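Shown next, in structure tokens, is the structure this report addresses.
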2 protein chains.
Amino acid sequence: MGNDASTVRDVAARAGVSASTVSRVLGGTYPVAASTRARVLKAMRELDYVVNAHARALGGSTNKTVAFVVDDVTGPFYAHIARGVEEQASAEGRLCMLCTTHGDPQRVLAVVETMREQRADAVIVVGGAWEDKAYQDRMTHFAHALDRVGSRLVLVGRPPLGPGVPATVVEYDNEGGAFAMTTHLLTSGHQRIAYLGRVPGLSTSGQRLSGFRRAHELLGLAPDPALILDGTFSRSHGYQGARQLLASGADFTAVFAGTDMVAAGALQALREARVSVPDDVSVVGYDDVPLALDLFPALTTVNVPHEELGRAAVRLALHRDELPGSQHLVLGTHIVLRDSTRRPGH
Amino acid sequence: MGNDASTVRDVAARAGVSASTVSRVLGGTYPVAASTRARVLKAMRELDYVVNAHARALGGSTNKTVAFVVDDVTGPFYAHIARGVEEQASAEGRLCMLCTTHGDPQRVLAVVETMREQRADAVIVVGGAWEDKAYQDRMTHFAHALDRVGSRLVLVGRPPLGPGVPATVVEYDNEGGAFAMTTHLLTSGHQRIAYLGRVPGLSTSGQRLSGFRRAHELLGLAPDPALILDGTFSRSHGYQGARQLLASGADFTAVFAGTDMVAAGALQALREARVSVPDDVSVVGYDDVPLALDLFPALTTVNVPHEELGRAAVRLALHRDELPGSQHLVLGTHIVLRDSTRRPGH
DNA sequence: ATGAAAGCGCTAACAC
DNA sequence: GTGTTAGCGCTTTCAT
């Protein structure tokens, strides 16, 4: 229906100048007589003119757009990284496209392809990667394809694809955080720690678990395989997993939840079973999302610099020519002690 | 730098056909000989071709994009609406652009303008509106401007701009939810209810407060103005507000928090002051975000159909020609009783 | 079934 | 300073 936006030509006609002149005042980066500029501006206002971003993107080569590919906006973990991305993007004059993939590797690939069509300046993929050869190969392919058209693949919170692959990666010390937390638990006297939320094939999960294992080894201990439960990074897995653990009569004094959401579920199950936290069992999470503060008891967890991850992703990708040395960043993590942990038996 | 994506022309050359033929297999909506199509497809694969979305948008008129304008992705309230929007958009073959405004009315207007440049199929603005004449006028202007180019302004969770303004509005029964909740509190015996998080000039806040007032009036009561605190829809206001209330020695048995986040802050303040919830005071929130379940005690609150709001927004906007009668939707809300409320003095 | 040619709205040489 | 002329990559008549 209604389909008559005014164009440079309309504005030019009304102002009695040529299209290029209009374009010049639009760009602002070229001398135009003050009086002419005023007339053009006036015409634009009267015609309620706005540039067509597509025509502009077609002529020049950049779209002034950053794409953000995420598993699920709803998770606070992603939401905060999204905020960092959005803020930095907007600070750099870029628009932000949001795509969600709902844990489906196929959709990730499809979405990245779409972003390639959109000629986004950067394509930021957030969250653990699937440790699957075919998947990695496809991502590597995209990295090259994006690079070829002057765009950039950015991996946030997932490992690099390999040397020579043109991609920016912004990680955080996943393994180190889990190591620190496990060490804390172990040295406070917890010997039997259940691990909830091992997600097979997910890089993030693998790294956290390996920090968990390394801490045990360092103290000459071995985690009990029966206490490591497979599942997803979800509240419901935390709930189900904790119930299952309780029902099995397993012996444990602490629960290491794969994420804060998993911890939230576990806390609910524990509360329902009248198991007191932290008196009977300690619970720790991972991520330090705002929710951690509101859980009861307030959750001891590993802090991840969410917003900074997002911000850094955009910054590095957009300025990769100026800061070529820093295309692989690993941000630190640290544990935050709150009320959900205590020495066992005290 | 690298800036040589292959084009239809490249593909055409390699397949030994004309550009139009390539375009035809791209579109799929036109007869092409099977053998030719195969050759073209092969050439595309070999050249790793992807269409240029901008060139396409320039020729045709739609961008296949939906814009989503939100205050802050980080709030769970928005996050869940965002999910609904994203899901429906993707189901309708649209991409989703995300823009945040951080509570700044100026930025809302700027962002909507940008979306106009992008020729988005729909521009979805979420969250309470500022009850400010100039602001409303600008929005009305945008509604018309978008309409003129075949796009659509969608208002989610805010009142219509007025009759004759071409905009889709998807509301939820804000006033009704507050009314129901307040009535529940009042009829359970709470006579002095504090209201935390009145945000002057914000439509959402105004509606909630008027439901709060109507419930009082209906029972022949009048809310005590001293118990109504101005602030923002934030956790920190909930915290500060509750502390202030406590410090003032005010007399109240229940707290109606403007949102669940406000309630979370209030609960923390109450806990720190050793005021037991719900034994000493009852607390209720608004929104029913997932967090409500994880608060302690689990929060009694008003359920808002977040995802459906987002989904409906996209659906109505995109199919406005097929369902012209339903461009103003009001979804229902209902109260959810959990553990943060109780009759006073029991 | 396929090709040639025009044009979407804008920017960027290149003239004057 | 300003106008003219070409395209950017694709879709779409109009021919054939």
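Naming: A, B, ... by sequence-line order, numbering from 1 per chain. Computed from a predicted model, the values in this text were never measured in an experiment.
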- Task: Report yes or no: does B/Arg152 contribute a side-chain atom to a donor-acceptor pair with the main-chain N or O of B/Ala122 at less than 3.5 Å?
- Result: no

- Query: What is the nucleic acid contact for A/Thr7, judged by heavy atoms within less than 4.0 Å: base, sugar-phosphate only, or nothing?
  - Reply: sugar-phosphate

- Message: For a quick check of understanding: with a heavy-atom distance under 4.0 Å over all strands, which category does A/Val51 fall into, base, sugar-phosphate or nothing?
- Response: sugar-phosphate

What is the separation between atom [atom1] on [X] and atom [atom2] on [N], rounded to the nearest whole Å?
{"X": "A/Tyr30", "N": "C/dC10", "atom1": "OH", "atom2": "P", "answer": "19 Å"}
{"X": "B/His54", "N": "C/dC8", "atom1": "NE2", "atom2": "P", "answer": "20 Å"}
{"X": "A/Asn52", "N": "C/dC8", "atom1": "CG", "atom2": "P", "answer": "12 Å"}
{"X": "B/Gln118", "N": "C/dC10", "atom1": "CD", "atom2": "P", "answer": "13 Å"}
{"X": "A/Arg39", "N": "D/dG1", "atom1": "CZ", "atom2": "P", "answer": "14 Å"}
{"X": "A/Leu58", "N": "C/dT11", "atom1": "CG", "atom2": "P", "answer": "11 Å"}
{"X": "A/Met44", "N": "C/dG9", "atom1": "CE", "atom2": "P", "answer": "15 Å"}
{"X": "A/Arg24", "N": "C/dC14", "atom1": "CZ", "atom2": "C1'", "answer": "11 Å"}

- Message: Of the options C/dC10, D/dT2, D/dC8, whose atoms approach the side-chain atoms of B/Arg9 most closely?
- Response: D/dC8

- Considering only side-chain heavy atoms of A/Val8, which listed nucleotide, D/dC8, C/dG3, C/dG9, is closest? C/dG9

- For B/Glu131 and B/Ser203, test the side chains for any donor-to-acceptor distance below 3.5 angstrom and give the result as yes or no. no

- Item | Side chains of B/Asp48 and A/His141, donor plus acceptor under 3.5 Å | yes

- Ion pair present between A/Lys133 and A/Asp137, side-chain N to carboxylate O less than 4.0 angstrom? yes

- Item | Any N/O donor-acceptor pair, A/Arg37 side-chain to D/dG1 base, under 3.5 Å | no

- Task: Decide yes or no, distance alone: a donor-acceptor N/O pair under 3.5 angstrom between the base of C/dT11 and the side-chain of A/Ser20.
- Result: no

Side-chain N or O of [X] closer than 4.0 Å to phosphate OP1/OP2 of [N]:
{"X": "A/Thr36", "N": "D/dT2", "result": "yes"}
{"X": "B/Ser18", "N": "C/dG3", "result": "yes"}
{"X": "B/Arg56", "N": "D/dC10", "result": "no"}

- Task: Please tell me which of A/Ala33 and B/Leu26 maps to the more 5' nucleotide of DNA chain D, matching each residue to the nucleotide holding its nearest heavy atom.
- Result: A/Ala33

- Item | Derivation and outcome, side chain to side chain contact (heavy atoms under 4.5 Å, CB included), residues B/Val125 and B/Met139 | CA-CA 10 Å; B/Val125 179; B/Met139 284 305 272; 4.1 Å; yes

- Message: Reading DNA chain C from 5' onward, which residue's closest nucleotide shows up sooner: A/Tyr49 or B/Thr21?
- Response: B/Thr21

